[in-house]
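This report concerns only the one structure given below.
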Amino acid sequence: MNYEEQWNRLNEYQKAAVLDESPACIVNANVGSGKTTVLIAKILYLHMKKQVSIRDMAVLTFTNKAAGEIKERLLAIEPKLTEEDLAGFGTFHSVAMNYLRTRLDVESMGWTKQFLIIEPDEEAELALRLSKEQNWKIKYKNRLKKRLEQEYTAFRQGKTKSRYQDDMFLLFEALQEEKKRQNKMSFSDLIEVCTKLLNREDEQKESTCADDSLPKNGETDYGHRSEKPEWIIVDEVQDSDKQQMEFLTALKGEHTRLFAVGDPNQLIYSWRGSVETMFYSLKHQFDAKELSLPVNYRSSRTILEAAGRFLQYGNTVAGSREEGMPIKVQNHYDAFQEAQYLAQKIKELHLGGMEYGEIAIFYRLQSQSEILEKVFEREGVPYTVSLKKTLREIPVLDWFVKVLTFACNQKDRYAAEAVLSHPFYGEGMEKKRLKSFLAEPKEGEVDLYDRMKGFQEAFSSETGKDGMEIYSYFSLDASLHPNAASYEEDRKLVLDLCKRLVIYSQEDQKSLAKGTAQFLRSSALYGIQILKEEENPGKDQVRLMSLHASKGLEFTVVFIIGVNDGLIPLTGRSFEQEEEERRLFFVGMTRAREQLELSYYTNPGQPRVNGGPGRYLNMLPKHLLDWEGSQAPEEKMANLKQLRKAVRREQEKSGYAQSKAEAATESVAAEKIAPAIAGEELTVRKVRHPKYGIGILVDENEMTAEVEFEGYGRKEFLKAFGEIEMLQRKIREKKCRTQIFILWRHFFY
DNA sequence: CATTCGCCGCGTAAA
DNA sequence: GCGGCGAATG
């Protein structure tokens, strides 16, 4: 498709965004409104119609996948573009890296242009080593990686003490020095150093201009000089954190135009640092013009209307499609029963002509995928799980790497201890015996220990075949427990790593002993991406993923499983977290084009998860749902209780004529269902909502209020939102008569 | 060195 | 609402 064709397909909002040339512009892009299309059209427009060089653009994304997509679509139209032309296109990190490697004075900060990247696992390991060398007190070493990430921001901002009262901040300084010595930069170093150097350049330029009164475009050579881009274009801006925001500010020159696209309703990563108010602070900092892309092209009107219940109050998404099918709400006894149901249902869909790749299942926790995987495997439903694990996170490999570490470096007693004392893969020795053994290791006592000691010698000349020889050398079957459930998978993982060792050694023409030692020292170890299942994007497979991972994707049929309180939403500790859960559910629902099915368990079988339909299901408009029995039994009970109260009161006070039969049935029901309410005083609280009008408060707790509105049914609100106004006046019996009839009608409808 | 008490966080994940 | 870690006790 050429540029003109693409242009003609845009709607008026999209065209406005493409044409906008304000100094700063922020586009509020609704879900499914063609955000990426606009971004690409904008780049093409600037390039082809405005003669802006591709090299003068910085196009920033959060993931490599998004960056790749943009580059790919650009190359399809402009195949002549080289990698150098596209140096400004990429993730924040890769663009910062390119600036550091080509245009900035990194030497002044202690690195050289050939710096390498240090990955979080390797950095944590390095930190651990340093803290041992210096005898520093570091708490919670088992979550050191997380601590490094979390507390690094505080360190950069000049804080000097950790909240855990240990030597973390001494360690940070030593770590920075050590990274410079090794000429390595961490992910956050890339952005931090780049930001600092860009800012420093601006200062130098200013002072030079002032001293020599140079004309604005005076050509002066500072040795290192980076021209600011003409345009900065940012994707998914709602996900930026403070550091990325500072980078943006530093990268933006006086005449740089900024174009940022994002959706505040899809903010689901505030827990990893993105600033919740980013969208708005950006608008104010750069005095940005605000545009919007309101029209959703993806989902059916039913899906859109239901999902709309989870938008921040006041936001709306305009649909462009037909009504579509109702949203199915399905109850299952537990996750196992559900997995079997899904396997069956998906097979039926496939028989009906649906590709497996058009179907996705979303869940809140990674652990929920396991049961689906097992059942789908058995039932022959092809699937992929989108889950990348690092080596460290796979227990057997973490343990095996320690085996190799000690095998290559016998001074590392820490590694030997970890290997032998591992609760599952270790030797199962008593603590005392292990200690005395490690103090004076004797040959012939612990076989694995002897094997590790002999590794270097045994493989000093061998180049290796397929990795099996390493596996048998260590007699790993003894450690991996062939009868254990994890055995098959563990064995496969270990053999795979052994094979990589062989390949690595062969490539470097080294013996296995030397190759392994070098492999452990190199960052190759951390570079390995271990996929739980081989990802075959081309293959026709059902996609299983977390709600988070679903962002940015779309499918014809979507199942969101486990809409139970405590799972969706996950019980958070704050209102902000609850809001984020709502947005997460919104993101998940809006991935579906045609069909959406939501499920809940009667018996979730997990602590802190309630059985029965979650409150998010009750927030959905009933007329959009295909819910067996239309209401959950619990809800019927609650309704009935309220009704009993109201009706009884009415009858007593006003002498409302009622048939004896009716009265009899009702009193029986009342005795059975809610004997305690008989003598209760009736008070009805009214509530006002800007959209639904006046309603009756049905139920409330500290956080939420449930309200019944005529014509809309029941809605649940977070009190913290302030969307609903509690009318203080308590209404006595006579006045509430109308409302009682409304309640009555709704219940029997 | 063994026990006990109190605190932290659990889960989601990109570079 | 529990499990793991670390500091404090004898």
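Values reported hereafter were calculated over all heavy atoms of this structure, with side chains retained and with hydrogens, waters and symmetry mates removed. In this text the structure is predicted, and so the values were computed from the model without any measurement. First the proteins, then the strands, lettered A, B, ... as listed; each starts at 1.
B:dT12 has A:W271 stacked on its base ring, the centres lying under 5.5 angstrom apart and the planes within 30 degrees of parallel.
Of the candidates C:dA7, B:dA13, C:dC5, the closest approach to any side-chain atom of A:K139 belongs to C:dA7. Among the nucleotides B:dG11, B:dA13, B:dC8, the one closest to the side chain of A:Y269 is B:dA13. You'll find that the side chain of A:N64 is closest to B:dA15, out of B:dG9, B:dT12, B:dA15. Among the nucleotides B:dA13, B:dG11, B:dA15, the one closest to any side-chain atom of A:R364 is B:dG11. Closest to the side chain of A:K146, from the set B:dC8, B:dA13, C:dG1, is B:dA13.
Heavy atoms of A:K137 sit under 4.0 angstrom from primed sugar atoms or phosphate atoms, though from no base atom. Among the protein residues, A:F92 comes within range of no part of the nucleic acid, since none of its heavy atoms lies under 4.0 Å from any strand. In this structure, A:R147 reaches neither bases nor backbone, as no heavy-atom distance under 4.0 Å exists between it and the strands shown. A:N142 comes within contact range of the sugar-phosphate backbone alone, with a heavy-atom separation under 4.0 Å but no base atom that close. In this structure, A:L570 reaches the bases: a heavy-atom distance under 4.0 Å links it to at least one base atom across the strands shown.
Proximity of A:S188 to the phosphate of B:dA15: no side-chain N or O atom is located under 4.0 Å from OP1 or OP2. Checking the phosphate oxygens (OP1, OP2) of B:dA15, no side-chain nitrogen or oxygen of A:K65 falls inside 4.0 Å. An OP1 or OP2 oxygen of C:dG3 is reached within less than 4.0 angstrom by no side-chain nitrogen or oxygen of A:R608. For the pair A:Q165 and C:dA7, the criterion of a side-chain N or O lying under 4.0 Å from OP1 or OP2 is not met.
Counting atom types as modelled, A:E149 pairs a side-chain N or O with a base atom of B:dA14 as donor and acceptor under 3.5 Å.
For the pair A:H548 NE2 and B:dG11 C1', the computed distance is 9 Å after rounding to whole Å. Rounded to an integer number of Å, the gap from A:I118 CD1 to B:dA15 P is 18 Å. When the P atom of B:dC8 is taken as reference, atom CD of A:E151 falls 12 Å away, rounded to whole Å. Atom CZ in A:R583 sits about 21 Å away from atom P in B:dG11, given to the nearest Å. Atom NZ in A:K145 sits roughly 12 Å away from atom P in B:dA14 (whole-Å rounding). Separating the CD1 atom of A:I117 from the P atom of B:dA15 is a distance of 13 Å, rounded to the nearest angstrom. Atom CD in A:Q238 sits roughly 16 Å away from atom P in B:dA13 (whole-Å rounding). Nucleotide B:dA15 holds its P atom 18 Å from the CD atom of A:E122, rounded to whole Å.
Residue-to-nucleotide proximity on DNA chain B shows that, of A:Y164 and A:I268, the 5′-proximal contact is made by A:Y164.
For A:Q182, the CD atom is densely surrounded, since the number of other residues' heavy atoms within 6.0 Å is greater than 12. More than 12 heavy atoms of other shown residues, nucleotides or ligands fall within 6.0 angstrom of atom CD in A:E133.
Between A:D239 and the choices A:R272, A:Q266, A:Q244, A:K551, the side chain to side chain donor-acceptor pair (under 3.5 Å) rule is met once, by A:K551.
Nucleotides C:dC2 and B:dA13 place their C1' atoms 25 Å apart, quoted to the nearest Å.
In this structure, A:R583 forms no cation-pi arrangement with A:F586, as its terminal cationic atom is not both closer than 6.0 Å to the ring centre and no more than 45° off the ring axis.
By the 4.5 Å heavy-atom criterion applied to side chains, A:F559 and A:I359 are counted as neighbours.
Between A:Y269 and A:H548, a ring centre-to-centre spacing shorter than 6.0 Å is recorded.
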